[in-house]
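Heads up, the thing below is written out as structure tokens.
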Amino acid sequence: MTTGQATAETPVTQDTYALSGRDRAFGLIQRHGATAVLVLLLVVGSLSFSRFPTGENLGDIAITSSFPAMVALGMTFVIITGGIDLSVGSVFALGGVLAAYAVRWGTVAGLLVPLLVCGAIGLVQGLLIARVRLAPFIVTLAGLLGARGLLLSISHEGATTYLIPHGSVLARLGQGHLFGLGYPVYLTLALFVVGGVVLQRTGFGQAVYAIGGAEDAAALMGVPVARTKIVVYVLSGMLAGLSGTLNAARLSSGVTILGTGMELDVIAAVVIGGTLLTGGAGSVSGTIAGVLLLGVIQNLINQIGDLSSSYQQVVSGAFLAVVVVAQTYLSRARRL
Amino acid sequence: MTDPVPEQRNAGDPPVLEARDIVKRFTGVLALDRVSLSLRPGEVHALVGENGAGKSTLIKVITGVHRPDEGEVRLAGRPAGFTGPLDAQRAGVQAVHQEIGLVPDLSVARNLLLGREPRRALGLIDTRRMHQEAARTLESYGVRVDVRLPLRSLGVGAQQMVALARAVSVDARVVIMDEPTSSLEPREVETLFGVIDRLRGQGIAVIYVSHRLDELYRICDGVTVLRDGRVVHQGALADLDRLRLVSLMLGRDVAQVRAEGVTRFSGAHEAAGEPVLEARGLSSRHLLDDVSLTIRPREVVGLGGLLGAGRTETAKAIAGVLPLDAGGVTVAGLPVRRGSATAAVRAGIALLPEDRKAEGIVPTLSVRDNIALAALPRLARAGVVSDARIDRIVETFMRRLRIKATGPHQPVAELSGGNQQKVLLARWMATEPKVLLLDEPTRGIDVGAKAEVQALVDELAEDGLAVLLISSDLEELVEGSDRVVVLRNGAVVGELTGDELTEEAVMTTIAAHTREEVA
Amino acid sequence: MSDITADTAVAPPRPAGARTLAWLQNYGVYAAIAALIVVNIAITPHFLSTENLRTQLVQVAPVVIVSLGMALVIGTEGVDLSVGSVMALATALIPLYLGYGVGAAILVALVGGVAVGLVNGSLVAFVNVQPIVATLCLFVGGRGLALVLAGGRLKDVQNGTLLDLGSSSVAGIPLPVVVAGVLTVLMAGVVRRTTFGRQLVAIGGNRTASVLSGLPVRRVLLLVYVLSGLLAAVAGVLATARLQASDPSSLGLLMELSAITAVVVGGTPLTGGRVRVLGTVAGALLIQLVRATLIKHNLPDSVAQMVQAVIILGAVYAARGGTGR
Amino acid sequence: MTIPLHRPRAVTLTTTIVAMTALVAAGCAKSEKDQQTGGGGAQAGQVVQSPSGSAPSCTIGKFGGTKFDPKTAVVGFSQSEKEANPFRIAETASIKAEAKQQGIGGLRTTNGQSQFSKQISDVQQLIAQGAKALVIAPLNSDGWEPVLQQAAAKHIPIITIDRKINATACKDYVTFIGSDFYQQGKRAADQMIKALNGKGKVAILLGASGNNVTTERTAGFKDEIAKKAPGIQITFEQTGDFAREKGQQVTEQMIQSHPDVNAIYAENDEMALGAVTALKGAGKKAGDIKIVSVDGTRNAVSQIVSGWIYAVVESNPRFGPLAFQTLAKFENGEPIPDKVIISDREYDSSNAKASLSSAY
């Protein structure tokens, strides 16, 4: 600890600046609590179910989690700015349908069209939030409806499911494996590394934190508030679209019924990962732990086997409550 | 009306910043009426006026937050045409604001260097260098902290210093300081003045906004007095005596100001009877260490000490909002349940918090609802409030406290700081408290309102209340209190009454113990 | 028409243009409803009939009831995502206890709503969990619990008294509408005239200041969530009676979003500190009318969803001044 | 501002109340009376339609699987939706009951909760848990690529029930057992034509948007109407999301905006029952508006008896026996057809009363 050696030349009292070891420990747990619980669950799961720690099963968890994880990455940025994006579930589904629709014009179109359209939806939302100053909750709620409507109109009210041809480059992008893990897993990891660097090491990342911490102050410090917010929503839209595209590639088709309720799962994962819904604090590493945690819980409930499907929701809800309460106590203990 | 601009020692230089005939209207209301201002390099220019005179609007026009309806801002002889604060900053015009300014959850270093972090290859931020640079910069302002900590863990004074350091550390040509000393300790003020002198030496112009006359006369060269959106005086500060300055600001007669004195405290009260408030052995980890004090009816007890000495914490502990490890409070001999603000209020303890905006007013509600808030239970029967009783009480206090509002239904957020403070006082008076805890009651409000609040405090004490007064303004503390208890590091280190109660004595008490500690 | 607002704010003297704008911001919802009615009279056959009015009111009644509770929660700067699950829970509990009589069954259903409210309120008030997260827990778990209780299945309700709740009328007005009306008046009174109503708005406006002013912040918050749970349970009971079946898997699905939209469209800001009870009712009515219009004109789902999105944005844009920040 | 922490009294109180509520809810329930609805046992098992698809041709040899003992091996069943409506209740119950009867100890069931992503991962997990055979009730026909690849790699036979998977039978999966939704739509249309004597205006209560079942039941109905009864107009079609409440609300709106509608085609029984409630509420009499629906739940059949519903086309959910029979045959090396279409019954006023007890 560098503080505590008050001298006559330091005119400011210093005792309030020091964090005790205990405080630091709590801070660490709060930030990495999800990771800790994740590790614990993995250990418990491995000891309890012989079929759990197999490469195949873990690989399944990884690939299954990679799609919500991409969406959660965008959501993390949005939430750190103090916003929320309820449209991601619909945009995710829309991205998949668009990719399957556009792949007839080639792989590049199959990748770009969903990115552009979903980015545009994010752009409109961002403009309404940052420039017209409407509440993010409502704007993205409208986005949720609008994107779903667009999806239905493209797919003739859901009657048409567009397919991504077998063996096409796009399909291989979603289905390929390397060392037992699907390509989307690697892409997700790469995106998270980039996301972490952007958040911690770029001016944009600083702006994201600053806006969530104190928007007015950030504006006065010269942070381009409106632009940063718009970019964040565009990013969230594009990541949801990309995730939808890769998911469609994996499924070889633009399934129309995906993504309902996904936004709340993703928000839950981000929150469990230690990002505060009030904005200003959070990390992408926490988010990935949060997504994996939810994935592992789901997996473990299935491992138990004959649990009625309704109990799954009860268990998930209860688990969420426990995590959230524990987190709140830890972060408060730290602040005291 | 406007005095000619006198010759200044650097009059030869061309002005670095000029505002010419600025007119600004807000939905038809004239906020600035042909205001001009000219700054030369190295000049420290005082911008004074009561709240609502147009100071902050002028600053916002200069820094590009608002566009003027008429007139222009010129920087170094060219039209500036700033599109926003960022644009202004890039051109070298920096503003340090009084309240908002930094991001509490970001680290000190990131706050200091936000937007101009040292970069490595690929444009990525070099964290290590950022921390070194931040630590070095802050040290030159007398602030030594772990720059990786979140800003919120610093004291208010240190935060202010970070804000200032941030503003100055770029290639500033003009620095605007809005009430920079309002939360600084005397020693920090000295450091700040050292910094301002350094800026002056570097040819940087400073616009200095403050209500503290002493400071203005110590460091400012020129002065612009605004009233009701117009310039009522412009010239060298030295040519203007204090009384005339105050009268210009208030638009009042010099004789009247003289008669009323600098503060409006009347002096000693006739404290009588048994203590109404007794606080015994208040202790809270890291914050308070066995603090005890008593206040009798009609007595004003001051709390002296540096920032972080435990003054606010003492008040909050008495008001039941700071968790205590030990100790307790009795009002009129009856113990108050610990850790419950509701119990404290019911026992007759009222706390006027330091941070009016964050802890005092409810901005979405009207003046009326803000005043009635704490007294609601007593204005209701079976949970249903009586509008008639509320109206009566609100009207009484609005008149008694001379609250300036268009009516009881005006949103409180639209009121000036001084009137908001009076609304908060009214909120407490409506509960008919026995003990009034005032934490910096006159901070950040204009001269006129300040005098009124001071007079009110006197009046309340006369009416038989026990008052605890916390103020960083030594003059206010000494003149307003019958007795001053001095705190340091969360513990009582001295008590001054009667003739021993002078500003020097308070400072000596604080300083003596500080020195002891260091030695 | 004068709206009941908690702050009873009267605008300070402003120039005429600004006043028009303020009027639009405050009464935009009503204007939108009026416009929609006029349009419908013009283009929708058989729109002007008591039967139609009755249908719209009966359908909107549960949404209104849930929205009233939601408005209180939002007034405290919170949000209650669990209302849909509470409706499911209420509907699941009813058939389980009909054996004891209608009164007992309804009582148990309401107690269920109160219990959920207590959990939400405790998490928010005592543990200091963010409302959206706290209520997310029961949003996820509540419906699961309802399904577990109901054995996962839809059950028909044959009890005549209960069915009358959904289909009988008082003076020509359907009972659910009467209940919604009475609750609206009651909530308006609570917000406007009670200590509790004043305190909850103050807590939403500035929680710290409310603590320092000695308000019973925790108690008020707890009560607000309990009320929200209770009202959602009432809506669940009425919806069950009207559906003549207990369907915990789909009853109240997405209700939280409808209610939040109604509240916000009605001019209550998500940032708290203000509750507009009549505005909330108007918001719910507006959305109902939009949906009815879309269905009556037989527009496909895709168009219906996009139109709804645009109308929500339009309504919120019009009420922007009211929603603030 | 930190607010003082513990308030044990209030927390304890809350906990107690919640705990008591839970206890009461769980312990002393007493329902109206024994209800007959939903998930009835094994009466009226499925009957294979003849001719059923192509000739039996798929053998274990052709598929490339290896034999296993169903008695001990893990068999996975993946349900798509919550067991909340009678169809899903009966389907899952039938699978479980049959597995028990056949002595299959290793049955593992999962439920996709109407989330397709979850169902995909459920099935992958079943594979990872070593399932030797899979019975899947798919939520969606498309998008099974990753599962099919994984299963193919391990030669795990897949039987899909109630909905088809869009892939190659006997290569990607073994076979499909279920109804022909398009055919159901056509048969509903036939009933409708009979009800209206070939002339009138019809409203359709569509199922959930984007659902294969919706698509096919709509297409079959419309095609048949267009072919056989040009006098019937379809004037209104809105989604009722397969839910009773939504069916009721949409019907209420429809009655007013399209008062000239003579009949309603509901794409499942739940929506039809919602429509019945709406019609009752609007003061209509039984039979004023003819309702034809698909599913054959006991509730709907009893409404035929009371005259509110004209006819119901059955969609039999009792897949258990047929699914395990087919699986056993496959393991024994017998050839099986690439699809097993079951013969669905129809209920109308002539047989409703008699068959009420066998409806699910």
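Note on naming: letters A, B, ... go to the chains in the order of the sequence lines (proteins, then strands), and numbering restarts at 1 for each one.
Within the 4.5 angstrom heavy-atom criterion, no atom of Ser114(D) approaches chain C. In this structure, the portion of Leu147(C) lying under 4.5 Å from any heavy atom of chain D is its side chain and not its backbone. For Leu294(C), the part lying near chain D is the backbone, with the side chain staying farther off; criterion is any non-hydrogen pair under 4.5 Å. Ser167(C) does not touch chain D: none of its heavy atoms, backbone or side chain, sits under 4.5 Å away.
Between the side chains of Gln79(D) and Thr109(D), no donor-acceptor pair is found at a separation under 3.5 Å. A donor-acceptor contact closer than 3.5 angstrom links the side chains of Gln59(C) and Gln253(D). Checking Ser306(D) against Gln303(D) by side-chain atom types alone, a donor-acceptor pair falls below 3.5 Å. A donor-acceptor pair shorter than 3.5 Å cannot be found between the side chains of Ser49(C) and Gln256(D).
Residue with the most contacts toward chain C among His258(D), Glu237(D), Met254(D): Glu237(D) (heavy-atom pairs, distance under 4.5 Å). If you tally non-hydrogen atom pairs under 4.5 Å between each of Asp301(C), Asn52(C), Thr44(C), Leu145(C) and chain D, the highest count goes to Asn52(C). Ranked by heavy-atom pairs under 4.5 Å with chain D, the first of Gln244(C), His46(C), Arg242(C) is Arg242(C).
Listed by first and then second residue, the salt bridge (Lys or Arg N to Asp or Glu O under 4.0 Å) pairs that reach into residues 266-285 of chain D are Arg244(D)-Glu270(D), sequence neighbours excluded.
Aromatic ring orientation, Phe319(D) versus Phe87(D): perpendicular (interplanar angle above 60°, classes split at 30° and 60°).
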